[in-house]
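Just so we're clear, the structure is a prediction, and the values are computed from it rather than from any experiment.
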Amino acid sequence: MTDFTMTKDAEGVATITWDVADKSMNVMSFEGLELLNDLVDDALADDAVKGIVITSGKDTFAGGMDLNLLAKMKESAGDDAAKGLFEGTMKMHGLLRKIELAGMDPKTQKGGKPIASAIPGTAVGIGLELPLATHRTFVANNPKARLGLPEILVGIFPGAGGTTRLTRMLGAMGASPFLLEGKLSAPEAAKKAGLIHEVSDDPMADARAWVLSAKDADLVKPWDAKGYKMPGGAPYHPAGFMTFVGAAAMVNGKTQGVYPAAKALLSAVYEGALVPFDTALKIEARWFTNVLLNPSSGAMIRSLFLNKEALEKGAVRPAGIPDQRVKKLGVLGAGLMGAGIALVSAQAGIEVVLIDRDQEAADRGKNYTEKYLEKGMARRKVTQQKADAMLGLITATPDLDALKGCDLIIEAVFEDPAVKAEITAKVEAVIPEDCIFASNTSTLPISELAKASKNQDQFIGIHFFSPVEKMLLVEIIKGANTGDRAVAKALDYVRQIKKTPIVVNDTRFFYANRCIIPYVNEGARMVTEGVEPALIENAAKLVGMPLGPLQLTDETAIDLGAKIARATMAAMGDAYPKSGADDLIFWLEEEGRLGRKANAGFYSYDDKGKRTGLWDGLGEKYPAAEDQPDLTEVQHRLLFSQVLEAVRALEENVLMDIREGDVGAILGWGFAPWSGGPFSWLDIMGAPYAAERCDQLEAKFGERFKCPALLREMAEKGQSFYGRFGPESAKAA
């Protein structure tokens, strides 16, 4: 699969070109690693070769590691996966160290062959770790290129020497944004940070010229030179000691201790800084192996890399439907959601007609994009030319005739079936017969809304999350009569605007809201039971939820929660499971405590809208019980309230693919990313334990924790969700 080739010219420069034939971006495979090692050996042994340039045959350099490489490492040592991973990682270290030392005499540090990297575009992961081992990096002057080490974002850390080299290059503090945050930089910013050496209009020519003129001293890396001192100080240096103490506190503060990769990375950096470079590489390899064997890392890689990428590439797209990319989009409603949809669509180069009741309202919606672009220009991330072009794509008007020629309509008007039905009929009288019509509703069943359409097979739900420009997930909802072309249209549009789609069947609250509402309700229930609000909020954060249920309710608006509760009560009648959570929400609404937007909710706020702490009035209305529950019980109530709804959604065929369930949960409402999502979390715990825990929670807190029949069956058979429902690629991960 991987294709490394080498050519030699008359001046003695060997060029090793990385070009994976069946990939849009180079990735490092097991076979590629072997081949690159052999080519480097050949070049170093060839007396006619004066130096080496490593480059790419594509307009990018490399996108990281082929995850099958890790699988082959595990297999290489039989049943001893740890041994296979460690030895495989050390093999990568050996190759990059060979490049770094380049055949020089270990005593005199002379006689080596200069090796440069010519990087035409984006280089991330091992695609940057390889250049870091070369003696000089030349990167194309391409503002769209990105360089960095984003491994931490998918549950691992740079394990091919990137952690050790970057720390020694920049110091622990300087390396931390790249290692602990996965920061990616454009070439000029990367040079300024010290990540690369040169930004070049012709990196290949400049790399060759450097190779031919390099001296012995140019080949010696700082950490191999006599008297090397780590920038910022080593851990035993007073300044370095404070850096590492601060870094440990920062990591714990940000991760709450639930992300194993962050802790392992910091351990590798700290321990590696105490020893010589080659020993530090072994330490890095050990911690890398430790992380790869942690089920959390495997789950994160599967959900945030494999599954997310598969969904974005059309894993659930109906077969046989031709390309449905949107050319002209109509957005009905220029409020917050409609304005956000117009913004992201114009960013993607789509012509947008933004409709509202009058010109003033429509202009306000367009102004949302204008203000967004002004902020971008102030930060020098957007040019005036680009801003003008984007704004030129949006036509703001109350005139429905402007919708003629649209191939997709997204309705984002008031959440009232009658209002939506009226606008649907009016718009369908204007748009082409084959135009797909989508509703952005977050709670109303699509099959019911579709009854107002004369083409129910062309009616679909496209549910955005707020704020549209920041949230990565889009939930696509199939009504009872929605056709495949409408699904393909929605998926192709979401791909155009560079977001991640999931497709679900129609039901009240769909998938995301179906799972998140029980989470916020469980938090409110506990308040009414006398559980300390601070315990509830901190328990959620300590298990990896980005927001506690009370803060999340404030952020989404308490009156919205009250409205949803009333609508659900009306729809379900006697079947509605009324609880103390409803009483609490209705009381807060009556008190005018509507959440962040009112500067009053579960939390108190100052005049600038900053949270100052949980509202004292909660304790007066619902006094804290003398005996407080233990942390794990609170966490399990909060997590099981969500995951059991996910299982029920799968049982009922609302959710058709567990990959969508996991990715949707993490991107849609931030379900504990360390777990890989609700189904991955259940697999980590094991179905037998999960079913047993359901029984315990049901006995103590009620029927809402009743074990779903599917989970019970899987517990009895000893099955896992990915073992039973996952595609082969996801099972292997």
Side-chain angles (χ1 to χ4, degrees), residues 1-8 13-46 49 51-58 60-103 112-113 115-119 123-135 149 151 156 158-165 278 281-282 284-286 288-289 292 301 305 729 732-733:
M1 182 182 69
T2 300
D3 188 8
F4 278 100
T5 57
M6 183 165 69
T7 59
K8 304 169 191 174
V13 177
T15 301
I16 297 176
T17 304
W18 191 359
D19 198 347
V20 182
D22 59 347
K23 297 281 187 181
S24 59
M25 188 177 283
N26 295 324
V27 291
M28 184 65 78
S29 70
F30 191 83
E31 296 78 11
L33 195 64
E34 298 275 353
L35 181 54
L36 178 58
N37 186 68
D38 291 344
L39 292 177
V40 171
D41 280 343
D42 290 346
L44 292 177
D46 189 341
V49 172
I52 305 167
V53 176
I54 301 175
T55 191
S56 167
K58 305 181 187 298
T60 60
F61 187 72
M65 186 184 295
D66 180 351
L67 294 177
N68 290 319
L69 173 60
L70 299 179
K72 289 191 177 183
M73 284 181 184
K74 286 182 182 179
E75 295 165 5
S76 66
D79 293 334
D80 194 345
K83 181 181 179 184
L85 286 168
F86 177 74
E87 290 179 349
T89 303
M90 286 305 298
K91 194 170 186 178
M92 287 193 291
H93 284 314
L95 168 58
L96 298 193
R97 192 63 170 141
K98 182 189 297 180
I99 289 170
E100 196 162 54
L101 297 175
K113 295 184 179 182
I115 303 178
S117 44
I119 303 172
V124 296
I126 198 169
L128 182 61
E129 288 179 288
L130 171 56
L132 288 177
T134 64
H135 306 121
L149 301 167
E151 287 90 335
I156 55 177
T163 295
T164 301
R165 286 188 175 87
D278 289 301
L281 291 178
K282 289 181 183 178
E284 180 184 306
R286 286 174 184 152
F288 188 60
T289 300
L292 291 175
I301 290 169
F305 186 76
S729 61

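- Distance check: Ile119 CD1 to Leu128 CG gives 6.5 Å after rounding to the nearest 0.5 Å.
- Note that the CG atom of Asp19 and the OG1 atom of Thr5 stand 7.5 Å from one another [nearest 0.5 Å].
- At least one side-chain heavy atom of Lys72 sits less than 4.5 Å from a side-chain heavy atom of Glu31.
- Counting heavy atoms from C-beta on, the side chains of Thr7 and Thr17 never come closer than 4.5 Å.
- The line from CG of Asn26 to CG of Asp3 is 9.0 Å long, rounded to the nearest 0.5 Å.
- Within the structure, every pair that satisfies the ring pair (Phe, Tyr, Trp, His ring centres under 6.0 Å) test and touches residues 60-90, not counting sequence neighbours, is listed here: Trp18-Phe61.
- Listed here is the closest heavy atom pair of Met6 and Ala43: SD-CB, 3.9 Å.
- What you find for Ala285 and Thr89 is that their closest heavy atoms are CB-CG2, 3.7 Å.
- Residues Leu36 and Leu130 have side chains in contact (heavy-atom distance under 4.5 Å, counting atoms from C-beta outward).
- Legend: salt bridge (charged side-chain N to carboxylate O under 4.0 Å, His left out) pairs involving residues 77-92, not counting sequence neighbours, sorted by first then second residue: Glu34-Lys91.
- Counting heavy atoms from C-beta on, the side chains of Met73 and Leu292 never come closer than 4.5 Å.
- Residues Met28 and Glu129 are not in side-chain contact: their nearest non-hydrogen atoms beyond the backbone lie 4.5 Å or more apart.
- Arg165 has no carboxylate O lying under 4.0 Å from a charged side-chain N of Glu284, or vice versa, which leaves the two without a salt bridge.
- Shortest non-hydrogen contact noted between Gly32 and Ser29 is N-OG, 3.0 Å.
- The minimum heavy-atom distance between Ser56 and Thr60, with the atom names listed, is OG-O, 2.6 Å.
- In terms of the salt bridge (Lys or Arg N to Asp or Glu O under 4.0 Å) criterion, Asp42 has no residue partners (sequence neighbours excluded).
- Residue Ile99 comes nearest to Ile115 through the heavy atom pair O-CD1, 3.4 Å, listed as atom of the first residue, atom of the second, then distance.
- Considering NZ of Lys58 and NZ of Lys23, their distance stands at 10.5 Å, rounded to 0.5 Å.
- Using a 4.5 Å cut-off on side-chain heavy atoms (C-beta onward), Leu132 and Leu96 make no contact.
- With values rounded to the nearest 0.5 angstrom, Phe288 atom CZ is found 13.0 Å from Met90 atom CE.
- For Val13, the side chain to side chain contact (heavy atoms under 4.5 Å, CB included) partners two or more places apart in sequence, or in a different chain, are Asp9, Thr15, Val53, Arg208, Val211, Leu212.
- Counting all heavy atoms, side chain and backbone alike, Leu149 lies closest to Pro158 at CB-CG, 3.7 Å.
- Using a 4.5 Å cut-off on side-chain heavy atoms (C-beta onward), His93 and Thr164 make no contact.
- Take Lys98 and apply the side chain to side chain contact (heavy atoms under 4.5 Å, CB included) test, not counting sequence neighbours, and it matches Asn37, Val40, Asp41, Leu44.
- If you take CE on Met65 and CD1 on Ile156, they are separated by 6.5 Å, rounding to the nearest 0.5 Å.
- Shown here are the salt bridge (Lys or Arg N to Asp or Glu O under 4.0 Å) partners of Asp46, two or more places apart in sequence or in another chain: Lys8.
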